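See below for the structure under consideration.
Model, not experiment: these values are computed from the prediction. So that the names make sense, note that chain A is the first sequence line, chain B the second, and so on, each numbered from 1.
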Amino acid sequence: MSVVAESTLDAKVPSGPIEEKWEKHRFEMKLVAPNNKRKFDVIVVGTGLAGASAAASLAELGYNVTSLCIQDSPRRAHSIAAQGGINAAKNYPNDGDSVMRLFYDTVKGGDYRSREANVYRLAQVSGSIIDQCVAQGVPFAREYGGLLANRTFGGAQVSRTFYARGQTGQQLLLGAYGSLMRQVEHGKVKMFPRREMLDVVVVDGVARGVVARNLVTGEIESYAAHAVLLCTGGYGNVYYLSTNAKGCNVTAAWRAYKRGAYFANPCYTQIHPTCIPVSGDYQSKLTLMSESLRNDGRVWVSKAADETRRPRDIPEEDRDYYLERRYPAFGNMVPRDVASRAAKERCDAGYGVGTTGKAVYLDFKDAIARDGEDVIRQKYGNLFHMYQKITAEDPYHVPMRIYPAVHYTMGGLWVDYNLESTIPGLFVLGEANFSDHGANRLGASALMQGLADGYFVAPYTVGNHLASVKLPRVTTHHPAFQEAVVDARNRTEKILGVNGDRSVDSIHRQLGHIMWNYCGMSRSAEGLKDAMEQIRSLREEFWQRVKVLGTGEALNQNLEYAGRLADFLEFGELLATDALERNESCGGHFREEYQTAENEAKRDDENYCHVAAWQYNGEDAAPTRHIEPLTFETVKLTQRSYK
Amino acid sequence: MSELNLTLKVWRQAAHDAEGEFKTYRLNGVSTEMSFLEMLDVLNEQLIAENEEPVAFDHDCREGICGMCSLMINGQAHGPDNETTTCQLHMRRFRDGDTIVIEPWRARAFPVVRDLVVDRSALDRVIAAGGYVSVNCGSAQDANALPVPKQDADKAMDAAACIGCGACVAACKNASAMLFVGAKVSQMALLPQGKPERTARVLNMVARMDAEGFGACTNTAECEAACPAAISLSNIARLNREYFKAVLTSPR
């Protein structure tokens, strides 16, 4: 795959001072009159924080919403697994937080590769999100006076993270799900669980519906509407092992890409520093231990490379608290990309712990000595419990072993300031878009972004689209739907027809190895070229050797899985291409050729201070790399420092 | 780490309206470090190699929070461990030579879709009947304007931790959903935000629960024992109190 010439994209960022852009834009956007809203149909794909909040909010406004999800219930979307918390610039602790500071921290945390105007808006609406969630009955942690509690997260020097034990994502999602089910009850949302979107239907250049497979009956169904919202999450499972749920996939985004939506910054993937290490070849997923643990846990390895003592027998003077050593200002609370690379550096240098040598210690000894076991249990009880379940070790007495794992993907479909993709009428929200986190997301910001997009941005910008674009009546009888249905059916039959000798899972594991080894925590031009070659040949192998039993006319989980893997096998190559073309290191994208003398990521602002957005040009053609220049008017571009 | 050789008796049912049966499989070399679902993954790889369709089972997050996984394991919902979902159950809990019987949730309100997969959408419909605060986006006051006593907030959180897996229903001899409904009613009854709709909520949710075919509660507490999220039986007591209060005071 080579790269075709670049052209520039317009993000439609409103003019004026950054503080006034959103307010000004809200006034300039067109409205749909209250009694006209019921004439418009909107499809929302996915029911995570972004999807559920958008579907509920649009229905509350009066639009007719169709909501699809792949799980058996909308309450199970992967947002539910977020543990630590949600950021908001409330400044309740009076410790110096503000919209400007949250904005600044997020831009800096993203290594200056996000769009300023979007991030500022995110910080502006962050407070309203907390208000909305509390009003829904989300049981956030509280102080004894009855007011909301906060804690600190990586990349920040203020306490702005709201949390509900270690289950913040679950509680926020159940709040949004409640609002969604309320609209289902009112008849304003038609809910279709166990549906997988297989195509976006574009009529006269505008997104007018989707085609989805009913996962129970196998039927390919058509849904027509005036606008389509993709809230379909990230693509971390391209690595096979990740902290994502097993069902997370790139299919919806990839189909949109193939219909004309540009894919932005696919190489920006987040490797989370605190996950339970891999224990064997059968491993099906990795489990995150919330970043909040770094508030009280200290990360260390032995100073000796050939250490054989048990952790408790290693005296203080023989321990290397390498994060505190390297980054005295932030210590254990450096951003995720920095902490992950530092762990990898120690393990690669031979200081790793545990049977595999691919782990470092996260130790609560000092915190327990200081605060007592009860206080630590109150804060992290469910996380310690989970750790013990999985490893059969007691973290109250033995330090946790942790290692980085793929967790979140900052890249996604390109969207403008309105969260609209390059296909008019196709909006992309939450992790599925690329806009707010740059090259590295800060902890507790994913929940904030998903809900900001769904509650406070899309309800306005989707209305603007409906009010300003002429949308003639389109039904599912339109030839574009018929064509998409035939495509989807053919694809299912093609997979079933291979009848080879390799299981879907074995091929996915192999893809995961390639991605992790060459496109993981550190990347090189040579390795990336190698990876692209290997992905291409694995893709060919898939279409010659994959073995999927059963039929397409029933619940067939292996068939679903094969379809998702087929898309990952195409997408993986784009990820590697993007990584190869970005000749700099920034955030989660670390190119070995571009590092400072102290092995920190070295950006190239002169040549790469832009978003790379990829356009699909057909099965055998190279994609076009478009750019959106990033201009920093408010935050000064500097070398990120957490020292 | 050691390895187990197991005999699995797994419920196989091609479709909702098809006849089901137990099939017996031998599975050797199971690592004790595996989760229960990873063991089923290995079984499915073996079945695919032998040209038999893999066993369908629901699962997603595999970290105990999404509530998608289920399974009756040797007659116990989510298997033998306390406060543990099937995905967090590990094979070190079993012994070499064990026979493990694996069934889907059994309840009238949860029809079998295929093999071990059931349809739990009845739980969504119960929530739709009132398991929320009716607040439109944009109309909320400042989050700290209404203090909530910490002990109430903590109790509400205990109840809100329900993952909606349906183990309580599966474990109950009457397939009652009282623990599930009690958890949601309690969460809202404990918080000031839930007060305005308190009466209608409990009446509507209980009516919907009955209409969906869930059975009655006899306080046997099997539900509490099976619950992976440690939802307490006291939530059923609170549900009963809320319900009586609502019946006596409701104008309907």
So for [X], is it side chain, backbone, both, or neither that comes closer than 4.5 Å to the heavy atoms of chain A?
X        : answer
B:Ala49  : backbone
B:Ala153 : both
B:Val135 : both
B:Arg93  : neither
B:Asp152 : neither

Could you tell me which portion of [X] (side chain, backbone, both or neither) has an atom closer than 4.5 angstrom to a non-hydrogen atom of chain B?
X        : answer
A:Thr391 : backbone
A:Leu174 : side chain
A:Ala88  : neither
A:Gln171 : side chain
A:Arg502 : neither
A:Asn558 : side chain

*asked:* Between B:Glu3 and B:Ser31, is the side chain to side chain donor-acceptor pair (under 3.5 Å) condition met? List the steps.
replied: CA-CA 5 Å; B:Glu3 292 194 338; B:Ser31 160; over 6 Å; no
Side chains of [X] and [Y]: is there a donor and an acceptor less than 3.5 Å apart?
X        : Y        : result
B:Ser121 : B:Arg125 : yes
B:His78  : B:Thr86  : yes
A:Thr243 : A:His407 : yes
A:Ser179 : A:Gln136 : yes

So, [X] and [Y], do they make that salt bridge, N to O below 4.0 Å?
X        : Y        : value
B:Asp124 : B:Arg208 : no
A:Lys389 : B:Asp81  : yes
B:Asp142 : A:Lys90  : yes

*Find out whether B:Trp11 and B:Asp115 are in side-chain contact, i.e. whether some heavy atom of one side chain is under 4.5 Å from a heavy atom of the other.*
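No. Closest side-chain heavy atoms not under 4.5 Å.
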*Is there a side-chain contact between B:Met91 and B:Glu33, using heavy atoms and a 4.5 Å cut-off?*
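Of all side-chain heavy-atom pairs linking B:Glu33 with B:Met91, none is under 4.5 Å.
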*asked:* Taking the ring centre of each residue, are A:Tyr561 and A:His508 less than 6.0 Å apart?
replied: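 Centroid distance A:Tyr561-A:His508: below 6.0 Å, so yes.
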Hey, which of [options] has the most heavy atom pairs under 4.5 Å with chain B?
options                                : answer
A:Val216, A:Val548, A:Ile390, A:Val504 : A:Ile390
A:Tyr455, A:Phe162, A:Phe140           : A:Tyr455
A:Asp131, A:Leu61, A:Val134            : A:Asp131
A:Gln132, A:His385, A:Gln283           : A:Gln132
A:Ser128, A:Gly178, A:Pro139           : A:Pro139

*asked:* Could you go through B:Glu197 and B:Ser134, starting from their C-alpha distance and side-chain angles, then the distance that decides it, and tell me whether this counts as side chain to side chain donor-acceptor pair (under 3.5 Å)?
replied: CA-CA 8 Å; B:Glu197 296 168 287; B:Ser134 296; 2.4 Å; yes
Distance check, rounded to the nearest 0.5 Å: [X] atom [atom1] versus [Y] atom [atom2]?
X        : Y        : atom1 : atom2 : value
B:Ile127 : B:Met209 : CD1   : CE    : 12.0 Å
B:Leu190 : B:Lys155 : CG    : NZ    : 6.5 Å
B:Asp158 : B:Ile231 : CG    : CD1   : 7.5 Å

Count the heavy-atom pairs under 4.5 Å between each of [options] and chain A, then report the option with the highest count.
options                                : value
B:Val117, B:Asp41, B:Asp119            : B:Val117
B:Gln187, B:Arg62, B:Glu45             : B:Arg62
B:Lys184, B:Glu63, B:Lys150            : B:Lys150
B:Ile163, B:Asn44, B:Leu191            : B:Ile163
B:Gln141, B:Met188, B:Gln151           : B:Gln141
B:Gly164, B:Ala145, B:Cys162, B:Ser139 : B:Gly164

_Option among B:Leu47, B:Ile102, B:Leu71 that satisfies the side-chain contact (heavy atoms from CB on, under 4.5 Å) test with B:Val10_ =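 When B:Leu47, B:Ile102, B:Leu71 are each tested with B:Val10, the side-chain contact (heavy atoms from CB on, under 4.5 Å) holds only for B:Ile102.
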*NZ or CZ of A:Arg26 within 45° of A:Tyr460 ring axis and under 6.0 Å*: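 Positive - A:Arg26 is close enough to the ring of A:Tyr460 and near enough to its axis.
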_If the contact rule is any heavy atom under 4.5 Å from chain A, which residues of residues 51-60 of chain B qualify, in numerical order?_
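The stretch touches chain A at B:Asn51, B:Glu52, B:Glu53, B:Pro54, B:Val55, B:Ala56, B:Phe57, B:Asp58, B:His59, B:Asp60.
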